[in-house]
**Student:** 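Dropping the structure in here first, questions after.
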Amino acid sequence: MSTAEQSQSRPDRDGAAGAPIPTIDVDRTDPDYRSWLKEAVRKVQADANRTADTHLLRFPLPEEWGVDLYLKDESTHPTGSLKHRLARSLFLYGLCNGWIRPGKPVIESSSGSTAVSEAYFAKLVGVPFIAVMPATTSREKTRLIEFHGGTCHLVQDPRTVYEVSARLAAESGGHYMDQFTYAERATDWRGNNNIAESIYHQLRLERHPEPAWIVATAGTGGTSATIARYVHYMQYDTRVCVPDPENSCFFPGWLTGDPGTDCATASRIEGIGRPRMEPSFLPAAIDRMMRVPDAASVAAVRALETAIGRKAGGSTGTGLWSALKIVAEMRAEGRTGSVVTLLCDPGDRYLDKYYSDDWLAAQGLDIAPYARTIETFLTTGTWSD
Ligand SMILES: Cc1ncc(COP(=O)(O)O)c(C=O)c1O
């Protein structure tokens, strides 16, 4: 494959900060490159074509309440989380933009789930993959990244993942995927079987087909942005709520509207809660935010197992706590309708965290009061916290 002779400066991509532009080291007209590109795109599309839609599960609530609660089970994607959708979109975006090139690594800053899915797609198209992640990332996620052929680069200070990723990309001539900038624009928010379109499609035969609320937690903010944009585009009356864990700047940043809001402490709920207002988080599209104590997230995810027999990750608990609270509000107001939240990833990735009483004790988290709130609500219909 020949190298392009001229190296010219190109305009900044959409004015986005963050990811550096890969150097022009590939002749884009080279037939070898073009056939590599076609083949890579075909493989990603073929993977999607082989993949079935994810289930919309019912969370059991008394029928007579008139409020139905659903969980969109994103843990059944081939790489086990809602990030499979994002990784596919980011790979297609990066390939079609000419940013992902043969033999050059893809680098990503991640709290783990995106990196697991991206390692899978990197292997599929045959490029090396490096995940830059906080050292606290669950061991199971690093194992999965390595299982898919990726390399893990762990950093002590989670706030440095962005700069370390950019540096590794510059040093290797690779592409920094930068999910935190590109998640919202790589996803087809108007439809194309995105998560929102799928939810509405699956609710068609339910007694309340247009949900009163959709609850989605935020890491990049991409999922909540896609859902909120789709709701507005389709002119639905659904409201979108983003619950945020303790250590995250999204909630205060949404309240004040200050894009410079930050947070010094790392989130304990893996995948969600960020130290800075990520470019893919679109506060103006979100109707409501809720601060959820970390102990409440853990209590909720354990209650999920009691209710439907499934373990899930901490972010699923954050969303479920918030969704149950909304159901309680609807009941108190005498309203009927449906509420949808997400089952983001499976609990077996976090057995040594959210399912470990030792971890809870080490973190100083007491889930008992929140567990009581949920249990009381599910048995009496009354919420008190
Ligand atoms: C387990 C988990 N839940 C929820 C999210 C939030 O998704 P998004 O990045 O679309 O905001 C993430 C993102 O990393 C995640 O890993």
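We count ligands from 1, going down the list as the structure has it; atoms in each ligand are counted the same way.
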**Student:** Answer whether the closest heavy-atom distance between the side chains of Thr54 and Arg85 falls below 4.5 Å.
**Tutor:**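 Side-chain contact under 4.5 Å: yes.
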**Student:** So which residues get pulled into Val298's cluster when ILVMFWY side chains under 4.5 Å apart are joined, directly or through others?
**Tutor:** Ile269, Ile272, Val301, Tyr350, Leu351, Tyr354, Tyr355, Trp359, Leu360, Leu365, Ile367
**Student:** Residues around ligand 1, heavy atom under 4.0 Å from any ligand atom, sorted by chain and number. Can you pull those?
**Tutor:** Leu82, Lys83, Ser113, Thr217, Ala218, Gly219, Thr220, Gly221, Gly222, Thr223, Glu270, Gly271, Ile272, Ser315, Cys344, Asp345
**Student:** So, using ring pair (Phe, Tyr, Trp, His ring centres under 6.0 Å) as the criterion, who are the partners of Phe147 when residues are at least two apart?
**Tutor:**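 Per chain and number, Phe147 pairs via ring pair (Phe, Tyr, Trp, His ring centres under 6.0 Å) with no residue.
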**Student:** Please report the interatomic distance OG(Ser111) to NZ(Lys83), rounded to the nearest 0.5 Å.
**Tutor:** 6.5 Å
**Student:** Just to verify, what does Thr51 make a side chain to side chain donor-acceptor pair (under 3.5 Å) with, not counting sequence neighbours?
**Tutor:**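 In terms of side chain to side chain donor-acceptor pair (under 3.5 Å), with neighbours along the sequence ignored, Thr51 is linked to no residue.
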**Student:** Any donor-acceptor pair under 3.5 Å linking the side-chain atoms of Gln202 with those of Lys72?
**Tutor:** yes
